[in-house]
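Please read the structure below before turning to the comments.
All of these numbers come straight from a predicted model, not from anything done at the bench. Letters A, B, ... mirror the listed sequences (proteins, then strands); counts begin at 1.
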There are 2 protein chains.
Amino acid sequence: MGQLCLPVGMSQQDLVKMDTIVQERVRVHKGETLYRMGEPLSAVYAIRFGTLKTHVTMEDGRTQITGFHLPGEVIGLDGLGEMQHASDATALEDAEVCVVRFDDLQSLSNHLPSLQGQFLRLMSKEISQDQVMLITLGSMRAEERLAAFLVNMSERLSARGYSSTEFVLRMSREEIGSYLGLKLETVSRLFSRFAEAGLIQIRQRHVKIIDMAGIKQVYSRSC
Amino acid sequence: MGQLCLPVGMSQQDLVKMDTIVQERVRVHKGETLYRMGEPLSAVYAIRFGTLKTHVTMEDGRTQITGFHLPGEVIGLDGLGEMQHASDATALEDAEVCVVRFDDLQSLSNHLPSLQGQFLRLMSKEISQDQVMLITLGSMRAEERLAAFLVNMSERLSARGYSSTEFVLRMSREEIGSYLGLKLETVSRLFSRFAEAGLIQIRQRHVKIIDMAGIKQVYSRSC
DNA sequence: CGAGCCTTTGAGTTTCCTCAACCTGAGTGG
DNA sequence: CCACTCAGGTTGAGGAAACTCAAAGGCTCG
């Protein structure tokens, strides 16, 4: 569990203790939601396998995807402050998560000093990632955003032992668009343009990266 | 100090204890930086008075403002994970901050159980705010972004005892633009348009909100 | 009071969106 | 087994939004 569910940085004994409280696992089928915005926060979740998206919906119905989450990542942290979930989490494919119950956590954290730090670190990382997205949405053009997205997916998949050059996107063009602040047609056109330029091969959701350096250039050689 | 430097939620005795460790204050003059990205994190900072901006710069020189920070807010939390600052913090006007040293904090947090929770809550709030910005940048049009910005400033100022309808923007059009993912000319034009529509009065950086409901409509009646 | 920065406003251009048609592949029922 | 359906994806044409470039006016600060 330890390796899959919480990132490195804890001692072996601590991991053993952790294992004793995190025995609960939940399966989430494609399209089902793990939690919804506004629900009381009873736990955070470490993804064992599968991909989930987190998204928020405004009063007027518009929706924005705030993240795609791969195995090994922890979701639900954004609700810790108000003790209620700040977004929806939906499975993009059948997935399984470890349930880290919050009341267990609180009683345990006294005995596990490293756990507090672990959570601070996770939350801080989430803040940093959000800030990277702010740059992406605030100062990049469509082309650059999509290139950044591809590189980001590649790196995260690679860090989890998958191929960094060939993978399957678990989300639709529309979902990518929502995440990147673009329309689905724009995403589709850009994929086609990247393919034409010899940077990638793409057939449906199967992506093969041909020229990684070229893709990185797309968002570094601007201005 | 307590009221000014850390939000509510701590008991009176805890506040007294806090006061004993947070005696250090720093003045930051307009244009000076409090900390820079990459510097080792030795403290977080609670703003006593003045306004600061946090911003990040990419390799290619592009810069994005990630937040404007008013008195009472805590900055520097985004660096807690890596123990080094994840952004620059620059004063928009002469300001003073309380220095919350991290080593003091760690030794103290054992004796102050509420402090840990306090920090989790602050960080979680920061994540939520970033996610609101993601929606803003990802799915709103220029007009809506600026309206949301005005309402946000108004509410935060009001919560701090200032007027909610009349205030001075401490940042330039360019800085507002960077924050909202717009160019300075666009920001300027939109202010003029809002004024023409009778929603606000604006002269340089002095804003007077005439029709708050109208401004809120700008970003609720879309689609 | 002058220099430099900030702001406003205009004209033209680019980027991305909208609308629309058509294609593809997976799943379904006859 | 094949035709059908339907969601997702591609591609094109036209238009709207925001950007770029440019010029001129206004504040602020030394």
Side-chain angles (χ1 to χ4, degrees), chain A residues 29-31 51 53 62-65 90 92-94 136-149 168-197 200-207 218-219 222-223, chain B residues 29-32 51 53 62-65 90-94 136-149 168-197 200-207 218-219 222-223:
Chain A
H29 290 103
K30 182 174 177 175
T51 310
K53 63 175 176 181
R62 270 183 296 189
T63 172
Q64 169 82 18
I65 290 178
T90 305
L92 293 173
E93 58 182 332
D94 290 358
T136 306
L137 295 180
S139 69
M140 289 188 180
R141 302 178 322 137
E143 202 178 50
E144 304 173 288
R145 292 183 204 180
L146 192 63
F149 170 74
V168 175
L169 298 171
R170 299 300 176 179
M171 65 297 286
S172 70
R173 301 289 189 263
E174 183 166 22
E175 286 166 330
I176 297 172
S178 167
Y179 182 58
L180 298 176
L182 303 171
K183 292 293 154 183
L184 68 96
E185 296 97 325
T186 305
V187 173
S188 178
R189 270 184 249 274
L190 287 172
F191 273 139
S192 301
R193 206 195 298 170
F194 283 179
E196 212 170 329
I200 62 172
Q201 282 176 13
I202 187 160
R203 231 190 58 221
Q204 298 295 118
R205 300 187 177 184
H206 187 102
V207 181
V218 170
Y219 66 86
S222 44
C223 98
Chain B
H29 290 105
K30 182 175 177 175
E32 290 178 354
T51 310
K53 64 175 177 181
R62 269 183 297 191
T63 172
Q64 169 83 19
I65 290 179
T90 305
L92 293 173
E93 58 183 331
D94 291 357
T136 305
L137 294 180
S139 69
M140 289 188 180
R141 302 178 319 132
E143 204 178 47
E144 304 173 291
R145 292 182 204 180
L146 192 63
F149 170 75
V168 175
L169 298 171
R170 300 300 177 179
M171 65 296 288
S172 69
R173 302 289 189 262
E174 183 165 23
E175 287 165 330
I176 296 172
S178 168
Y179 183 58
L180 297 176
L182 303 171
K183 292 294 155 185
L184 69 96
E185 295 96 327
T186 305
V187 174
S188 177
R189 271 184 248 272
L190 287 172
F191 273 139
S192 301
R193 206 194 298 170
F194 284 179
E196 211 171 331
I200 61 172
Q201 281 176 14
I202 186 160
R203 229 189 60 221
Q204 295 300 119
R205 299 187 178 184
H206 186 102
V207 182
V218 169
Y219 65 87
S222 43
C223 99

Got a donor-acceptor contact below 3.5 angstrom from the [X] side chain to the [Y] backbone?
X        : Y        : answer
B:Glu32  : B:Ala91  : no
B:Arg173 : B:Ser188 : no
A:Thr136 : A:Arg145 : no

Problem set entry | Smallest separation among heavy atoms of B:Met140 and A:Arg62, with atom names | CA-NH1, 4.1 Å
Exercise. Using 4.0 Å as the upper bound for N to carboxylate O, is an ion pair formed by B:Arg189 and B:Glu196?
Worked result: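 No.
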Exercise. Can A:Glu174 and A:Lys183 be counted as an ion pair, charged N to O under 4.0 angstrom?
Worked result: no
Exercise. Counting side-chain heavy atoms from CB outward, which of C:dC17, C:dT9, D:dT10 is closest to A:Leu182?
Worked result: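 Looking only at heavy atoms from C-beta outward on A:Leu182, the closest nucleotide is C:dC17.
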Exercise. A:Ser172 near the nucleic acid: base, sugar-phosphate alone, or nothing, with a heavy-atom cut-off under 4.0 Å?
Worked result: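 The answer is sugar-phosphate, as A:Ser172 gets under 4.0 Å only of primed atoms, P, OP1 or OP2.
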For this session: Pick base, sugar-phosphate or nothing for B:Gly177, based on heavy-atom distances below 4.0 Å to the nucleic acid.
Result: nothing
How many Å lie between [atom1] on [X] and [atom2] on [N], as a whole number?
X        : N      : atom1 : atom2 : value
B:Arg145 : D:dA18 : CZ    : C1'   : 10 Å
A:Arg173 : C:dC23 : CZ    : P     : 19 Å
B:Leu137 : D:dA18 : CG    : P     : 13 Å
B:Leu190 : D:dA17 : CG    : P     : 11 Å
B:Arg205 : C:dC6  : CZ    : C1'   : 7 Å
A:Leu184 : C:dC19 : CG    : P     : 13 Å
A:Arg193 : C:dT14 : CZ    : C1'   : 12 Å
A:His206 : C:dA26 : NE2   : P     : 14 Å

Problem set entry | Phosphate contact (D:dT11 OP1 or OP2) by A:Ser192 side-chain N/O below 4.0 Å |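 For D:dT11, OP1 or OP2 has a side-chain N or O of A:Ser192 closer than 4.0 Å.
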Seminar exercise, completed: For nucleotides 20-30 of chain D, 5' to 3', base contacts (B), sugar-phosphate-only contacts (S) and non-contacts (-) with protein non-hydrogen atoms under 4.0 Å give BB---------
For this session: Can you spot which of A:Arg170, A:Arg205, A:Lys30 makes a salt bridge (charged side-chain N to carboxylate O under 4.0 Å, His left out) with A:Glu93?
Result: A:Arg170
